[in-house]
Amino acid sequence: MSDPHATTPEPAPEPAAHATVSLLERLAEQLGGRASVTAVYGEPVTADGVTVVPVARVAFGLGGGTGRTVEGARTNDGGGGGGGVEARPLGYIEIRDGVTTYKPIRDTWGKAAPLAGLLLGAALPGAIRALRRRRH
């Protein structure tokens, strides 16, 4: 008679899947440790009694996959992986005479580009109609 409280052991992960997970964990550790404001924009700078500390948003992401085998034979299924890092400057901290001030970097193109697209989209149909009337 079998024990009703016994649990079925979890199947061991496939070696390839375990290797992929291990690789992604190592990559995340390496990138996470290096994906910093200092790595992208450098150390704080001091000149003439003023210290400037860069401020940025840094993010990274990883993804991956693996192949599989069926009864020890390779299949045509496969996988791969990739990742990326993004760093965006936000501003800087200025330290002068013991006073600390945050100075944001304004991204004027981030606001101007959609507005320019909106204005162009609104004006374009009228301009096209005017050009068509000139031809006739």
Side-chain angles (χ1 to χ4, degrees):
M1 189 174 206
S2 64
D3 181 4
H5 299 290
T7 58
T8 308
E10 293 279 327
E14 294 180 25
H18 180 68
T20 301
V21 170
S22 177
L23 173 65
L24 289 175
E25 286 173 348
R26 283 194 316 250
L27 282 172
E29 278 180 30
Q30 296 261 333
L31 282 176
R34 293 185 181 154
S36 68
V37 174
T38 306
V40 177
Y41 298 106
E43 296 288 334
V45 176
T46 301
D48 297 327
V50 178
T51 301
V52 176
V53 181
V55 177
R57 179 180 319 136
V58 181
F60 72 96
L62 298 170
T66 185
R68 68 182 189 107
T69 60
V70 176
E71 296 179 3
R74 289 186 179 172
T75 66
N76 289 330
D77 298 335
V85 177
E86 175 192 24
R88 185 171 299 229
L90 297 178
Y92 59 95
I93 297 169
E94 181 181 278
I95 305 169
R96 179 189 307 256
D97 300 325
V99 177
T100 303
T101 309
Y102 174 72
K103 307 261 182 152
I105 296 174
R106 306 237 188 270
D107 182 13
T108 55
W109 283 110
K111 294 177 183 163
L115 181 59
L118 181 65
L119 291 173
L120 182 63
L124 195 57
I128 292 172
R129 281 193 298 272
L131 287 173
R132 285 185 180 164
R133 278 186 257 150
R134 277 185 141 179
R135 285 186 174 172
H136 295 289

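Residue numbers start at 1 and run along the sequence shown.
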Treating Ile, Leu, Val, Met, Phe, Trp and Tyr as nodes and any side-chain heavy-atom pair under 4.5 angstrom as an edge, say whether V53 and Y102 lie in one connected cluster. yes

I95 pairs by side-chain contact (heavy atoms from CB on, under 4.5 Å) with which of T46, V50, V52, T100? T100

Search all heavy atoms of P89 against all heavy atoms of A56 and return the closest pair with its distance. CA-CB, 4.1 Å

Going from OG1 on T101 to CD1 on I93, what distance comes out if it is rounded to the nearest 0.5 angstrom? 10.0 Å

Value for CZ (R96) from OG1 (T51), rounded to nearest 0.5 Å, stands at 10.0 Å

